[in-house]
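Numbers restart at 1 for each chain; the letters A, B, ... are given by sequence-line order, proteins then strands.
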Amino acid sequence: MGLNRFEYIEASSIPEASRFLADRPEEARIYAGGTSLLLLMKQRIARPAYLVNIKKIPGLRYIDKNDGTVRIGALTTHHDLEFSPLIRRWLPVISELEPEVANIRVRSTGTIGGNLGFAEPLTDLPPVLIAMDARIKVADESLERLLPLEHLFRGYYETSLRPQELITEIQVDLPAPFFGIKYLRFSMGSDKPLVGCAVGIRIDPESKLCVDARCVLGCVGPTPLRVREAEEALKGLPYRVNSSAKAARIAATACSPLTDLRATEEYKRAIVEVLMRRAVEEAFRRASSKLQG
Amino acid sequence: MTRKKIILSVNGVRNEIEVEAKETLLETLRNRLDLTGAKLGCDQQVCGSCTVLMNDLPVSSCSVLAMDADGCEILTVEGLGAGGALHPIQQAFIEHGAFQCAYCTPGLILAVKYLLSRFPRPTEPQLRHYLAGNICRCGCHVEILQAVRSLARRAQENQL
């Protein structure tokens, strides 16, 4: 079918890109990999008059660690994350999930900033990053600000960013000691995930009780969903089959999946319940495994 | 309409081409450079029949803007082999009957090339995982896997 016509702008800096976006807030879209955007353009769902390619902006593709924080440049690709020794060492949950993202061709071109900024609901990184309390650095022509990633997502393909703002960096603090995290996804083959479920558990090393928890669902609503009631159900308790089952039931009720080509609403709720239960168990196991040695 | 002259190195040959913004890399390769190995399939990065290597990484050329490939090194199936001889991956596909209609084959061969460049002796899960994104509708996946295993075995023997 091919693409509709559009104008193509290559920005050489963030301020330049931001200025262009500010002048044409309705007509311009950021191109940062294009894996999702070009697809919507082919389907005539998105019809931008201008694509602002930010991939030629230097200095936005890096993975660093300093002062207990991992910083990931917005133009870092899924492939970069998949094979980064630094990610494998410090944020292994991301190394675990990246090979499951779409296919190798999408991972070669798709960027983390594009993934988050596009706010596509059927995607893996947001629940995991939210479960680690990730922040994003957002810039416009003159200012920079930090935003908890959780506050980015507003709805299907909708973020809280202003039209002239761009994501420039993703920051994840190194996990606290005795923190365990597990991400589980359910999909058919190498398709988009149908359900994603990230659970982070921090335990007290003496009592082995859960002192903090994050339960975040992906793909079962317009935005990633932090299920605070499920988190509360785990706090103050040691790992127990019935407390993880309770958190799982809460999550299955709290989410709002839609029946679509992939599965029915009921089916997705059932999957949420199973994944949440298993992820809680594994996150606890990982948190406690740090007790020995 | 934005038009721009880009420099595309394809199979080691430098091309200067003026392209439109909406032109995909696949369209440039097929319609301007007459390299018809890469095929249009699903047009949405699922099937893999348009796979080419861009700076040594597999991409769906149906979903890369030609302008975005400016300055990149592209390898298509036409660039494999040397002096009329087939590339070992192509030879292995023939020996194992790893195609029927062959529409998916150029893409698969490049997917295999990437796989073996990163994992010369891939494990069975790696092999299946990295090729899962290239779909053969004739259903030759069993033979394709056999072909790749034979290449991995050969890599191992050469190492020993």
Side-chain angles (χ1 to χ4, degrees), chain A residues 1-11 28-29 31-45 47-56 61 75 77-80 82-83 96-111 114 120 187-192, chain B residues 1-4 6 19-27 31 38 40-72 107 110-115 117-119 125-126 128-135 141:
Chain A
M1 175 141 84
L3 291 159
N4 273 343
R5 293 194 159 189
F6 57 87
E7 300 287 322
Y8 173 90
I9 313 298
E10 236 163 52
R29 292 293 300 264
Y31 177 83
T35 52
S36 303
L37 179 58
L38 291 183
L39 178 56
L40 291 196
M41 287 168 65
K42 285 176 183 175
Q43 295 169 342
R44 310 292 189 255
I45 294 170
R47 294 162 174 269
Y50 300 91
L51 281 197
V52 183
N53 185 1
I54 61 166
K55 288 202 300 182
K56 308 282 164 96
R61 186 172 176 182
L75 295 182
T77 65
H78 291 288
H79 189 274
D80 295 338
E82 183 177 356
F83 291 102
E96 255 175 41
L97 91 84
E98 274 297 342
E100 304 303 322
V101 172
N103 59 52
I104 181 67
R105 302 181 304 278
V106 171
R107 298 199 294 278
S108 295
T109 47
T111 59
E120 142 91 59
S187 74
M188 319 277 191
S190 55
D191 194 7
K192 288 175 177 176
Chain B
M1 186 69 199
T2 318
R3 295 186 70 86
K4 190 181 148 192
I6 62 165
V19 295
E20 277 186 45
K22 71 186 197 73
E23 189 166 330
T24 64
L25 176 59
L26 180 67
E27 289 167 339
N31 303 342
L40 181 67
C42 67
D43 210 8
Q44 48 183 302
Q45 297 224 59
V46 172
C47 78
S49 66
C50 67
T51 305
V52 301
L53 300 190
M54 183 160 123
N55 294 342
D56 299 322
L57 291 182
V59 298
S60 304
S61 59
C62 75
S63 299
V64 171
L65 297 178
M67 286 189 181
D68 202 19
D70 187 13
C72 291
L110 291 164
V112 171
K113 184 160 194 313
Y114 165 80
L115 169 71
S117 71
R118 186 156 283 272
F119 307 104
Q126 277 170 341
R128 288 169 177 265
H129 182 79
Y130 282 94
L131 299 183
N134 288 72
I135 297 169
H141 290 285

| message | I'd like to know which of B:V64, B:D70, B:L65, B:T51 tops the heavy-atom pair count under 4.5 Å against chain A. | response | B:L65

| said: Between A:R105 (side chain only) and B:S63 (backbone N and O only), is there a donor and an acceptor less than 3.5 Å apart? | reply: no

| Stepwise side-chain contact (heavy atoms from CB on, under 4.5 Å) check, A:R5 with B:E20 | CA-CA 9 Å; A:R5 293 194 159 189; B:E20 277 186 45; 3.9 Å; yes

| Taking the side chain from A:K55 and the backbone from B:D68, do they hold a donor-acceptor pair closer than 3.5 Å? | no

| request: Output yes when a side-chain donor or acceptor of A:S108 lies under 3.5 Å from a complementary backbone atom of B:P58, and no otherwise. | output: yes

| query | Looking at NE2 of A:H79 and CZ of B:R118, how far apart are the two atoms once the value is rounded to the nearest 0.5 Å? | reply | 4.0 Å

| note | If one checks every heavy atom of A:I104 against chain B at 4.5 Å, the contacting part turns out to be both

| What pairs with B:D56 under salt bridge (charged side-chain N to carboxylate O under 4.0 Å, His left out), at least two apart in sequence or on another chain? | none

| Non-hydrogen atoms of chain A under 4.5 Å away: do they reach the side chain of B:S60, the backbone, both or neither? | both

| How far apart are the closest heavy atoms of B:A21 and A:Y8, and which atoms are they? | CB-CB, 3.6 Å

| In Å, rounded to the nearest 0.5 Å, how long is the span from NZ of B:K22 to CG of A:L38? | 12.5 Å

| message | If the condition is side chain to side chain donor-acceptor pair (under 3.5 Å), which residues does A:T109 pass it with, not counting sequence neighbours? | response | none

| request: Calculate, to the nearest 0.5 Å, the distance between atoms CD and CE belonging to A:E10 and B:M67 respectively. | output: 8.5 Å

| Engaged part of B:L115 at the chain A interface, taking heavy atoms whose separation is under 4.5 Å | neither

| message | Measuring from atom CD of A:E7 to atom CZ of B:R3, what distance do you get when rounded to the nearest 0.5 angstrom? | response | 11.5 Å

| query | Can you say whether A:L51 sits under 4.5 Å from chain B via the side chain, the backbone, both, or neither, judging by heavy atoms? | reply | side chain

| Distance, nearest 0.5 Å, that separates CG of A:L3 from CD of B:E23 | 10.5 Å

| field | Under 3.5 Å: donor-acceptor pair, side chain of A:N103, backbone of B:Q45 | value | yes

